[in-house]
Q: 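Sending over a structure as structure tokens; questions will come in a sec.
Letters A, B, ... mirror the listed sequences (proteins, then strands); counts begin at 1.
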Amino acid sequence: MSKPFYVTTAIDYSNGDPHLGHALEKVGADVIARWHRLQGHPVHFVMGMDEHAQKVLQAAEAADTTPQQWVDRMSARFEQAWQVLECSHDDWMRTTQPRHAEGVKALIARIQARHPDAFYEGEYEGLYCVGCEEFKSESQVVDGRCVEHPSRDLVPTRERNTFFRLSAWRDEVLRRITSGELVVAPDIRRNEILRVLEGGLIDISVSRSRLPWGIPFPGTDDQTVYVWFEALMNYVSATGFPEADWESLWPADVHVVGKGITRFHCCIWPAILLAAGLPLPRAVWAHGYVQWDGAKVSKSEGTGVSLADAINRHGPDALRYFLLREIGFTADGDFSFDRFDAVYASELADGVGNLASRVLAMVVKYRDGIVPSGDADPGLSDGIRAAAAHYRQAMDATEFKRALEELGSLVRVANAFITTAAPWTLAKTGDDVALDRALRALSEAVLVIGVMMAPFMPEKSAALLAALGRDGTPAWRDADAPDLGGARVAKPDNLFPKDPPAAA
RNA sequence: GGCUGGGUAGCUCAGCUGGUUAGAGCACGGCACUCAUAAUGCCGGGGUCGCGGGUUCGAGUCCCGCCCCAGCUACCA
């Protein structure tokens, strides 16, 4: 058995509700996972929660509850959202789980064993906000004041911390990325990271005192592992590290993250792994953000669209489609209900849905629901083959927009073919051979479309494939070499119903 | 300030190493068809390719300068 394709998403901060920005990342990662499963590869897909942040402590206090109760609640809320969105994760990783603490401890110990000088005691100096009870970075400071507590002074504070000798790994990390051993994609992110590395890396402090809500730093009494340093390690602790068998999963094939945290994943994380003597992930994919009228839909702002509204608009499958079709998985993109409605109507209802309806209705009407066994009309088969090949190429490159364009283009090609072939005329004139060839080719076009839909719209794909007599797990071979000769098909309910006027 | 990416039809974008009348989808207008979720197909209108120079027989595509937008600029996942 080959090693499973191991794909991860960023784990989310437990201090607010899941929103569209999170959803894009999870759905995109899910599409990657499903794309590999579609091809018959074993897949291990992990998502989860980052639960040790200072803000979690504050949020729990504000909600008058304990941190553990708070993160339990958030975890349930997030995972439920991803279930509604049909995310097919195999594991739900939480940084408060014992296995994570074990993994972090073991990983740090392993680094210490291999490189005794990897960690050293140093002094961290920063601006401390008493209101937030935390250090502030430059971007959080405006006019020398904390943006959250502008009425208070920031106190320059020093703290004894453990530092990680990040600088020592600069050359090797740079080499791995340049050589392509560690793929950073898309290109714009790769450039960004290369530039950072060329500029050099400085050591970073990786522990904090006075923060009890965290994992104790091995070898210290009063320090905890700084949250993001620890959080990165979830990808390894999720494999069961250090217990036997973790190597059957590691290294990850791709870490799916937001563009804002590429640096952590492409500079710091590889350095940690190098220090520990573990293989590096094969790739980091940094997607863009969902914007709402050009503004970032951020965790902190909380403005914009509610995830529930977006899901309820046309159902989870349609939202998945829209996010990756319109916003994509590379650059930023705008979300708006006007666009969503327009795309739903033209591409899903009038496009895919209507094509499936008309083709299956004709097979039922002219051939009693049995797909003819003779040859398919090459006039359409060639187009089907080309679309499948292009789609596959796009999927392998994680270019979801382009993949879905191919799907749309196959719909158009099939529709145009119907007009040209005019099966209703062939039926009237009794041209059985031509009618058989046309119906077989059209049925197979619908089959290929159903397979192409599978990673993006699992439920709708299953419904369509079932109507074609393909129950069970979708398989790429049905797109690669579609063969429906003799299959019994039925006209399904409208795949993508248009909203009744009253409900709109 | 520095670095990176981008500015192409009303909207979202494609245009690889420069080469005939600059493309697609959506939206809009006309025509056709009836298998279909008043769906689909065909045709059409619509662009100073950010601005100004330059190289070249020829530039959206290369060079220089400028303007505008977005992102990054290290301990905020």
Q: If pairing requires Watson-Crick or G-U wobble contacts with both distances under 3.5 Å, which nucleotide is the partner of B:G25?
A: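 Partner of B:G25: B:C11.
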
Q: In whole Å, what is the span from the NZ atom of A:K259 to the C1' atom of B:A70?
A: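 Whole-Å distance recorded here is 7 Å.
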
Q: For A:R412 and B:G25, give me the distance from atom CZ to atom P, rounded to whole Å.
A: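 Atom CZ in A:R412 sits about 6 Å away from atom P in B:G25.
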
Q: Can you check the A:I193 CD1 to B:G5 C1' distance for me, whole Å?
A: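 The answer, rounded to whole Å, is 15 Å.
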
Q: Does B:C72 have a Watson-Crick or wobble partner in any strand here, with both distances under 3.5 angstrom, and which is it?
A: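 Base-paired to B:G2.
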
Q: As a test of reading the structure: which of B:A77, B:G5, B:C75 is closest to the side chain of A:N191, going by heavy atoms?
A: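 The nucleotide sitting nearest to the side chain is B:G5.
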
Q: Check whether the side chain of A:T419 and the base of B:C33 form a donor-acceptor pair under 3.5 Å.
A: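 Check fails, no donor-acceptor contact within cut-off.
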
Q: Does B:G46 have a Watson-Crick or wobble partner in any strand here, with both distances under 3.5 angstrom, and which is it?
A: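 Checking every strand shown, B:G46 finds no partner, since no pair has both distances under 3.5 Å.
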
Q: Does A:L201 offer a backbone N or O that forms a donor-acceptor pair with the side chain of A:W169 under 3.5 Å?
A: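 Side chain of A:W169 to backbone of A:L201, a donor-acceptor pair under 3.5 Å: no, none is there.
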
Q: Nearest-nucleotide wise, let me know which of A:S346 and A:T420 is further upstream toward the 5' end of RNA chain B.
A: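 Going by which nucleotide is closer to the 5' end, it is A:S346.
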
Q: Let's see if you can work this out: which of B:A39, B:A74, B:A77 has an atom nearest to the side-chain heavy atoms of A:D350?
A: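 Nearest nucleotide to the side chain: B:A39.
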
Q: Quick check on B:C35: is either OP1 or OP2 less than 4.0 Å from any side-chain nitrogen or oxygen of A:K491?
A: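 Negative; the distance criterion is not met.
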
Q: I'd like to know if the side chain of A:H390 reaches the main chain of A:A403, judged simply by a donor and an acceptor atom lying under 3.5 Å from each other, with no hydrogens or angles considered.
A: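 Not confirmed, A:H390 side chain does not pair with A:A403 backbone.
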
Q: Report the nucleotide, chosen from B:U37, B:A36, B:A74, that has the shortest atom-to-atom distance to any side-chain atom of A:L201.
A: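 Closest of the options to the side chain of A:L201: B:A74.
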
Q: Can we say A:R367 and A:D432 salt-bridge, meaning some charged N sits less than 4.0 Å from an Asp/Glu carboxylate O?
A: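 Yes, this pair counts.
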
Q: Would you mind telling me which of B:U4, B:U34, B:A77 lies closest to the side-chain atoms of A:V227?
A: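 The closest nucleotide is B:A77.
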
Q: For A:T425 and A:L232, take the nucleotide of RNA chain B holding the closest heavy atom to each; which residue's nucleotide lies nearer the 5' end?
A: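 The residue mapped nearer the 5' terminus is A:T425.
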
Q: Of all the nucleotides listed (B:G25, B:G41, B:U37), which has the minimum atom distance to the side chain of A:L495?
A: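 Selected nucleotide (nearest to the side chain): B:U37.
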
Q: Please tell me if A:Y226 has a side-chain N or O lying less than 4.0 Å from either OP1 or OP2 of B:C75.
A: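 No.
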
Q: Could you please name the option among B:U73, B:G25, B:C3 that lies closest to any side-chain atom of A:R195?
A: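 Nucleotide nearest to A:R195's side chain: B:C3.
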
Q: Taking only the side-chain heavy atoms of A:E192 (C-beta and beyond), determine which of B:G71, B:C75, B:U37 contains the nearest atom.
A: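 Ranking B:G71, B:C75, B:U37 by closest atom to the A:E192 side chain puts B:G71 first.
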
Q: Pairing check on B:C31: which nucleotide meets the Watson-Crick or G-U wobble criteria with it, both distances under 3.5 Å?
A: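 Checking every strand shown, B:C31 finds its partner in B:G41, with both distances under 3.5 Å.
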
Q: Within 45° of the six-membered ring axis of A:F456 and under 6.0 Å from that ring's centre, is NZ or CZ of A:R320 located there?
A: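 No, A:R320 and A:F456 do not form such a contact.
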
Q: Applying the salt bridge (charged side-chain N to carboxylate O under 4.0 Å, His left out) test to A:E347, which of A:R325, A:R339, A:R412 qualifies?
A: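 Per the salt bridge (charged side-chain N to carboxylate O under 4.0 Å, His left out) rule, the option paired with A:E347 is A:R325, out of A:R325, A:R339, A:R412.
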
Q: Considering every strand shown, what is the Watson-Crick or G-U wobble mate of B:C62 when both distances are under 3.5 Å?
A: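 Across any shown strand, B:C62 pairs with B:G54.
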
Q: Nearest to the side chain of A:N354, heavy atoms from C-beta on, is which of B:A74, B:C75, B:A36?
A: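 For the A:N354 side chain, the nearest candidate turns out to be B:A36.
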
Q: In whole Å, what is the span from the CZ atom of A:R160 to the P atom of B:C75?
A: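 Taking atom P of B:C75 as the reference, CZ of A:R160 is at 20 Å.
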
